[in-house]
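The structure presented is a predicted model; accordingly, all values stated were derived computationally and were not measured. In what follows, every heavy atom counts, from backbone to side chain, and hydrogens, waters and symmetry copies are set aside.
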Amino acid sequence: MKSIDVFLQKVFRLTLFVLLAFLFGGTLFAQDYDLVILNGRVMDPETMLDQVLNVGVKDGNIVIITSKKIEGKETIDASGLVVAPGFIDTHFHALDGLSMKMAARDGITSGMDLEIGATGVAAWYKAKEGAWPINYGTGVSHEGVRILVHDPEVDMPEWADCPGFLGKYRAEACEDGVCGWQDTESDAEHLNEILKIMDEGYQEGALGFCSTVGYMVKGVTTFEMYKCQELAAKYGRLSEAHVRFHANPSHPQGSLGTDEILANALSLNAPLIVAHNNEFGWWENEEKLQKARKQGYNVWSEYYPYEAASTSISSSFFEPELYKNVFGLVYEETMYDPVDDKFLTQEEFLKTRKEDPSRLMVIFSPDRKKWMPNFLRMPHMTAASDAIFSGRGIDSWDVPYEEYQGHPRTAGTRGTVLRLAREQGVPLMFTLSQLSYWSAKHLGDAGIEAMQKRGRMQEGMVADIVIFDAKNVTDNSTYKSGSQGLPTTGIPYVIVNGQMVVKENKFQKIWAGQPIRYEPTDKSRYVPITAEDWKKQHTITTITIDDGGAAGK
């Protein structure tokens with residue numbers, strides 16, 4: 001009888017436990033969650049989930065999405081707000097404190113520089129450990145490697161990236177009167193040296209080949225471009241390029257630049273991003289990319305939602321011969337100096353460039369305004385900011401937003417996309433795909449495991465989450481000095497790896513960022529190029545022709 005009583009007691013306790021769990025919707029397990037997000041409109045572009053639900057986060061991951069009541073150590077009431085995958089930027093130069101906190105306020109959870117990239121890849125990743133609020137990644141810098149090879153007089157540090165190249169090393173490379181990185185063609189010896197350095201970067205986990213060939217048209221041959229993409233493809237890595245002839249408004253030569261890298265990618269069956277595809281010829285590029293994707297190729301492009309671009313005043317295409325005679329642009333109508341808050345004449349441009357060769361200029365392209373509704377509706381055309389650094393250094397976290405000088409895209413790209421898409425009647429799920437999912441999807445398909453678990457609101461995914469007011473979210477940054485860094489409003493929470501980097505509209509100094517990279521390897525895939533080896537690989541050595549016996553007749 002005693003054993004029966006014990007058995008009945010166990011059955012009673014189990015039944016009571018199950019009943020209570022059912023009645024209270026799982027709150028018995030409440031403390032298992034580090035963070036819960038309640039009553040938000042949860043949207044997932046991959047599964048098309050769009051429903052008011054609760055989200056539970058544990059150890060940096062989304063562990064439950066449910067209609068049942070849940071509790072946790074921290075709670076966000078997301079009533080009336082959208083709960084979506086954190087925004088992903090594949091064209092991110094905002095590599096200092098002030099710029100990064102602006103990007104975080106704009107909803108960014110992962111920022112990767114896949115256009116300019118870095119040298120010293122392993123050291124670059126090491127420097128970011130425990131120091132970034134958002135996830136970070138880089139590829140091998142084509143121009144950086146060319147500085148190392150063609151301008152050896154430049155004292156390059158252990159690692160370098162966009163702030164160094166634009167702020168110092170480009171100018172130093174030209175001080176002797178020869179801008180080797182942009183103007184010198186590579187012979188076989190130089191090309192092998194370039195490829196060997198790049199190979200080291202891929203072994204160290206670099207995400208891909210990053211080229212600003214549009215700034216190096218004179219120096220980079222098509223053969224060099226192909227071989228650089230080929231080496232990246234040997235590792236299964238992507239290529240991204242600011243293409244040749246980009247921003248030429250006199251005729252759509254930009255398509256020729258895209259044709260070059262797209263033909264290489266298709267022949268190599270390699271992933272490809274076309275950087276800021278928002279100039280003349282974009283429509284032709286998009287048609288080709290769409291047809292290539294239908295055939296199974298992993299290729300796509302980016303845009304940013306502004307009618308003006310920004311780059312260093314020392315860029316070669318600002319030379320009067322190109323700017324006026326080839327591009328057909330008028331300085332005082334298109335070249336804006338955000339530091340002095342005015343448009344420059346040709347004389348003022350030449351004077352400013354001499355005095356401050358690293359200054360960033362804003363260049364207006366009026367046609368973008370009429371193209372913008374198409375960009376907002378283009379499948380697999382992802383929003384990527386080309387966000388530029390402030391020049392204040394990594395420790396500029398406490399510098400006021402108003403002191404940022406540069407292009408407003410650093411602070412407002414996502415706010416602008418969400419506002420314009422809302423005004424244009426673009427479905428929000430489509431916009432979220434442009435801001436997050438499609439980048440994660442393509443990068444994940446390229447074998448980047450960290451991206452296979454991001455860009456989605458699903459159980460088991462990394463808790464990179466943005467919470468925003470879809471009806472009111474908007475950009476506030478403008479081209480005018482003093483307002484270029486004003487943060488986006490309507491994004492009260494940004495969560496990176498389960499931690500609130502933006503909380504109640506305020507940036508938090510929480511170093512939640514994790515590396516986005518490939519697993520390092522010690523296996524090189526570099527093979528030196530020689531004319532003899534090339535002939536052996538690509539020509540026949542013995543010619544045998546079956547003439548059907550005609551020779552003996």
Side-chain angles (χ1 to χ4, degrees), residues 26-27 29-47 49 53-79 81-89 92 100-101 103-112 125 128-137 397 414 432 435-437 439-440 443-444 448-468 491-517:
T27 57
F29 305 99
Q31 296 308 312
D32 283 346
Y33 305 120
D34 300 323
L35 171 68
V36 297
I37 305 166
L38 303 180
N39 308 313
R41 180 186 174 188
V42 179
M43 299 185 69
D44 176 51
E46 185 170 68
T47 63
L49 171 68
L53 295 166
N54 302 320
V55 179
V57 173
K58 173 75 173 178
D59 296 330
N61 295 309
I62 300 169
V63 295
I64 189 170
I65 300 176
T66 179
S67 59
K68 295 180 179 180
K69 182 180 178 182
I70 56 175
E71 296 179 359
K73 297 174 184 176
E74 287 192 275
T75 300
I76 296 174
D77 182 2
S79 298
L81 303 177
V82 172
V83 181
F87 302 150
I88 297 169
D89 198 331
F92 190 77
M100 234 183 300
K101 74 174 182 178
R105 288 287 305 273
D106 202 32
I108 285 294
T109 57
S110 296
M112 294 161 279
Y125 276 104
K128 307 296 178 285
E129 289 181 9
W132 266 46
I134 62 176
N135 303 312
Y136 49 92
W397 306 105
R414 271 59 54 171
L432 293 178
L435 291 170
S436 184
Y437 171 63
S439 291
L443 295 173
I448 302 173
E449 293 184 8
M451 283 290 111
Q452 294 168 3
K453 298 180 179 180
R454 290 178 165 85
R456 302 155 174 92
M457 281 301 302
Q458 300 171 24
E459 293 178 0
M461 296 293 160
V462 173
D464 286 353
I465 301 169
V466 60
I467 302 175
F468 64 94
I491 305 180
Y493 296 94
V494 177
I495 299 162
V496 180
N497 295 296
Q499 300 183 62
M500 283 188 274
V501 170
V502 175
K503 182 177 181 180
E504 297 177 353
N505 299 299
K506 295 181 180 180
F507 174 76
Q508 311 292 304
K509 293 181 183 178
I510 296 175
W511 314 132
Q514 295 295 314
I516 309 296
R517 70 190 296 187

So, for [X] and [Y], which heavy atoms are closest and what is the spacing to 0.1 Å?
| X | Y | value |
| --- | --- | --- |
| Met100 | Pro133 | SD-CD, 3.5 Å |
| Ala84 | Phe468 | CB-CE2, 4.0 Å |
| Thr75 | Leu35 | N-CD1, 4.3 Å |
| Val501 | Ala104 | CG1-CB, 4.1 Å |
| Asp464 | Ser110 | OD2-OG, 4.0 Å |
| Val55 | Met457 | CG2-CE, 4.1 Å |

Can a donor-acceptor pair be found, under 3.5 Å and without considering hydrogens, that links the side chain of [X] to the backbone of [Y]?
| X | Y | value |
| --- | --- | --- |
| Gln508 | Lys506 | yes |
| Asp77 | Asn39 | no |
| Asn135 | Pro515 | no |
| Asp106 | Arg414 | yes |
| Ser436 | Ile88 | no |

Item to complete: For the residue pair Trp132 and Phe92, categorise the inter-ring angle as parallel (less than 30°), tilted (30 to 60°) or perpendicular (more than 60°).
Response: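 The rings of Trp132 and Phe92 stand perpendicular, inter-plane angle above 60°.
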Worksheet item: Is it true that Arg456 and Asp44 have a side-chain N and a carboxylate O under 4.0 angstrom from each other?
Response: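 Answer for the salt bridge query: no.
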Just how far is it from atom [atom1] of [X] to atom [atom2] of [Y], taken to the nearest 0.5 Å?
| X | Y | atom1 | atom2 | answer |
| --- | --- | --- | --- | --- |
| Glu71 | Asp32 | CD | CG | 12.0 Å |
| Arg517 | Tyr125 | CZ | OH | 6.0 Å |
| Ile516 | Met451 | CD1 | CE | 4.0 Å |
| Lys128 | Gln514 | NZ | CD | 14.5 Å |
| Glu459 | Ile64 | CD | CD1 | 6.0 Å |
| Lys503 | Tyr493 | NZ | OH | 7.5 Å |

Fill in: Gln499: partners by side chain to side chain donor-acceptor pair (under 3.5 Å), with sequence neighbours left out
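Here no residue qualifies.
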Item to complete: Have a look at Ile37 and tell me which of Leu81, Ile495, Ile62 forms a side chain to side chain contact (heavy atoms under 4.5 Å, CB included) with it.
Response: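 Exactly one option meets the side chain to side chain contact (heavy atoms under 4.5 Å, CB included) with Ile37, and it is Ile495.
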Worksheet entry | Thr109/Arg454 under side chain to side chain contact (heavy atoms under 4.5 Å, CB included): CA gap, chis, key distance, verdict | CA-CA 10 Å; Thr109 57; Arg454 290 178 165 85; over 6 Å; no
Discussion item. Within a 6.0 Å radius of atom NZ on Lys453, are there more than 12 heavy atoms belonging to other residues, nucleotides or ligands?
Written reply: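 For Lys453, atom NZ is not crowded (no more than 12 foreign heavy atoms under 6.0 Å).
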Discussion item. If you apply the rule side chain to side chain contact (heavy atoms under 4.5 Å, CB included), what do you find for Ile76 with Met500, and how did you get there?
Written reply: CA-CA 10 Å; Ile76 296 174; Met500 283 188 274; 3.6 Å; yes
Worksheet item: Should Leu38 and Ile70 be marked as a side chain to side chain contact (heavy atoms under 4.5 Å, CB included) after you check the CA-CA gap, both sets of side-chain angles, and the distance that decides it?
Response: CA-CA 8 Å; Leu38 303 180; Ile70 56 175; 4.0 Å; yes
